[in-house]
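Step one of this worksheet: look at the structure below.
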Amino acid sequence: MKAIFMGLLLLVGIAQGAEPVQRIQQMVDYLGVDYHGAVSGGQVVNASEYEEMLDFSRTLVTLAKELPDAPNRDDILTGLSQLKALVEQHADAAQVSALASELRQRLISGYGLSVVPAKVPDLQRGTALYAENCAACHGAEGRGDGPMAATLTPRPTDFTDVERYRERTLYGLYSTITHGLDGTAMPSWSRLPEADRWALAFHVGGLAAAKVAKGEPTPEQIQAITPEALTTRTPVEMERQMGAEGGRLVAWLRQHPDPLWHGGKGAAVDFASTKLEESRQAYLAGDAKKAHELAVTAYLEGFELVESNLDAMNPELRRNIESRMTQYRGMLKKDRPKQEISQQVDQLQAMLQQAREQLGSNLLSPGAAFTTSLVILLREGLEAILVLAALAAFLIKTERRDGLRYLYYGTGAAFVLGAVTWFVSSELVEIGGAGREMTEALAALFAAAMLFYVGFWLHSKTSAAQWRVFIHGNVQKALSKETLWGLSVLAFIAVYREIFETVLFYQALWLQTGAQGQGLIVTGLAVATGALMLLAWLILRFSTRLPLRQFFAVTGVFMFVLAVIFAGKGIAALQEVGLLSSQHVNFPRIDLLGVYPNLEGLSVQLILIVIAVFLLLRNGRNGSKGAGA
C-alpha cells in the first residue's frame, strides 16, 4: 500500500523539460527584431551587431537539423535557409522581419507551442521582479541605462524604444526571459515560475506601450483580439491587420490584459478553439499523433477550465461539447477519413461559439457565481463525504472510536496538502490539465481498489460462521493498527482527490467573477459545506442505529457502489488525458454515479458489479449453511 501511495506522489511530481524548438523560435524572433540595428539600406551600420545577426542566422540553420518531425518541418528548414541568405545579402530589414514573423507562426503551429499564459499576468508582480532582477542592467525605467550597462557588450536593450517595441512579441520576450540569450549578458531565468516569466514579459513589453496607447478601447474592440494574437503578433502586424486601431489596442492590452482573461469571448474557449483548429490541420497533414495531442490539450487546458461556469448557464451544451470532444479524440485514434474529422471539428467550433455567447463578454453575474460555487463543492465533495461518513460509522459501530483519529489524520493531511496545492498553483507553477487528470485518475482507481476490498471484507463477516469468528476473535484485534492506517490512507486519497480538482476550479471561477460575485462565491462555498456536513451527520445518525451484522452488510454494499463510481471516474480521467481510448456507446450519462457512455468505462464497471454480485451471493450461501449447522 505504501509503495502504491508513494508511486502516486512521484507520478504527480514529474515535470517535462522545454522543447528545443522553443530556443529556435526565440532566436528567430530576436533576429527579426534586432536586424534593423545592424543593416540599413543594404549597408552594414553596426559591424558588431551584424556579426551577431550573421552568427544567429547560421546557428539557426545548424540547430534546425535537430528539429523533430512536424507536418511543416520542411517549410521551416527552407525558411531558415532563406533567412540566413537574406542576412548574408544585407537584405532590407523589412524583408528579414517579415520572414522572421512567418517562421514564428510556422514554428508555433507546427509544434503546438504553448504561447499564452494560463491566467492573467500579474503586472504588479512583473514590476517587482523587474526592479529586483533587471533594473541593474536595463535601468529603473527600462532605458538600457542601468548601473552595469556601461560594462556590458552588447549594451542592454532599451525597452522604451517604440520602434523596437513595434517589432517584438510578448512571446518572444517570454522566450528570451526563459532561455537567456547566447553571446550576451542576458541569463536564463527558467528557475522562475512560468507565471513570473509571463509577468516580466508583459511588464517590459508594455514599457513603450504608454507612448502608443490612446484611451481605453470599447468592449467590442477588445473582443476583436484573442490572447494568442496579443502574445504572438507584433504591434506592426496588428496594425497591418486592423489598421491604426490595432496598434493602439495592442498597446492598451499590454498594460491592461485582464479583459482577455476575465471576460471577452472567454480566453479558455478561444484557446480550445485554436487548438482544435491546429489539431484538424495536423490530421489533414497526415500527423494523427500530433492531432490527438492537440485535441487533448484543447480540452484539458481550454474547455475544461470553463465547464463549471457553463454548467451554471447551459448544462446541456456543456455535456454536448464534452461528449463531442471525447468522440473526436476517439475518431483521431481510429484514423477516420479526413472529411469526417473536418466535419466533427466544424460542429465543435459551432458549439464553442455558442459557449462564448453563453459565457458572454462580461464577468460572471453574482447569481451565476453563487450557483457555480455551490455546485462545484457539492459535486466534488459528495464522494469524499460519503467515504468519510461510512468509515466513521463503521468505527463507531464497532466501538472503536479511538480509530477515528486515524480518519482525522488522513483528512487533515489532505486539507494541508490541498492548501499547499492552492499556494503552489497560484504563486509558483501552473498545474497543467494532463497533470490534473493523471492525479485524479490514479487517486480514483486507487480509492476504487481499496473501497472494493473494504466492501468485500465487511460483507464477508456477515455470514453466520464468519460472524461468530469475528465477534469471538475480538473486534479490537481484528482492527489492527496497520488496518487503521490503511483507513487513514483511504481517507486521505478520497479527500485530496476532490480538493485537488476543487482548488483549480475555484481559482478559475474567482478570476472570472467581479468583486460583488466573489463574495457570493464564498457564500456558495459555505452553503455547500453546510449541506455536506448535514449529509455526513444523517449517515452517521441513521446507519449506526442498524444492528451490527446488518450494518456490516449495508456498509459493504455501499463500499462496492462507491468503488464502481470511483472506477468509472478514474477511467474517464485516463481517457481525457489521452492514455486510454474511448469508444462511444448509446448509454445514459450519469455524472453522479461515474457512468459515462463509453465502452471502456462501462466494461470496467460491469466487471466490478459482476464480481461484487458473485461475492454477495457466495457469502449469502455460506451464511445459510452456517445457520443450518
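Source: prediction; values computed, not measured.
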Going by side-chain hydrogen bond (donor to acceptor under 3.5 Å, both in side chains), name the residues that satisfy it together with [X], two or more places apart in sequence or in a different chain.
X    : value
S190 : S188
Q327 : S323
S279 : Y328

Checklist entry - Below 4.5 Å, heavy atoms only, C-beta onward: do P257 and L253 meet side chain to side chain? => result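 No; the side chains remain at least 4.5 Å from each other.
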Item to check | Beyond-backbone contact of L294 with L276, side-chain heavy atoms, under 4.5 angstrom | outcome: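 SC-SC contact between L294 and L276 ruled out.
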Taking the side chain from [X] and the backbone from [Y], do they hold a donor-acceptor pair closer than 3.5 Å?
X    : Y    : value
Q349 : S273 : yes
N320 : E316 : yes
R329 : H292 : no

[X] [atom1] to [Y] [atom2] distance, which is reported to the nearest 0.5 Å:
X    : Y    : atom1 : atom2 : answer
D122 : D196 : CG    : CG    : 8.5 Å
R197 : L192 : CZ    : CG    : 7.0 Å
M351 : M325 : CE    : CE    : 9.5 Å
T231 : F202 : OG1   : CZ    : 6.5 Å
L348 : F303 : CG    : CZ    : 9.5 Å

Identify the heavy atoms of [X] and [Y] that sit nearest to each other, and give their distance.
X    : Y    : value
W198 : V115 : CH2-O, 3.3 Å
E322 : Y299 : OE2-OH, 3.2 Å
L332 : A295 : CD1-CB, 3.8 Å

Partner set under side chain to side chain contact (heavy atoms under 4.5 Å, CB included) for [X], not counting sequence neighbours:
X    : result
Q347 : R324, Q344
T127 : H203
T529 : L377, L525, M533

Taking distance alone, no hydrogens or angles, what donor-acceptor pairs closer than 3.5 Å link side-chain atoms of residues 408-417 to residues at least two apart or in another chain?
residue, atom, partner, partner atom, Å
T411, OG1, L407, O, 2.9

For residues 604-612, which side-chain N or O atoms pair as donor and acceptor with protein atoms under 3.5 Å away, sequence neighbours left out?
residue, atom, partner, partner atom, Å
Q605, NE2, V564, O, 2.9
Q605, NE2, G594, O, 3.0

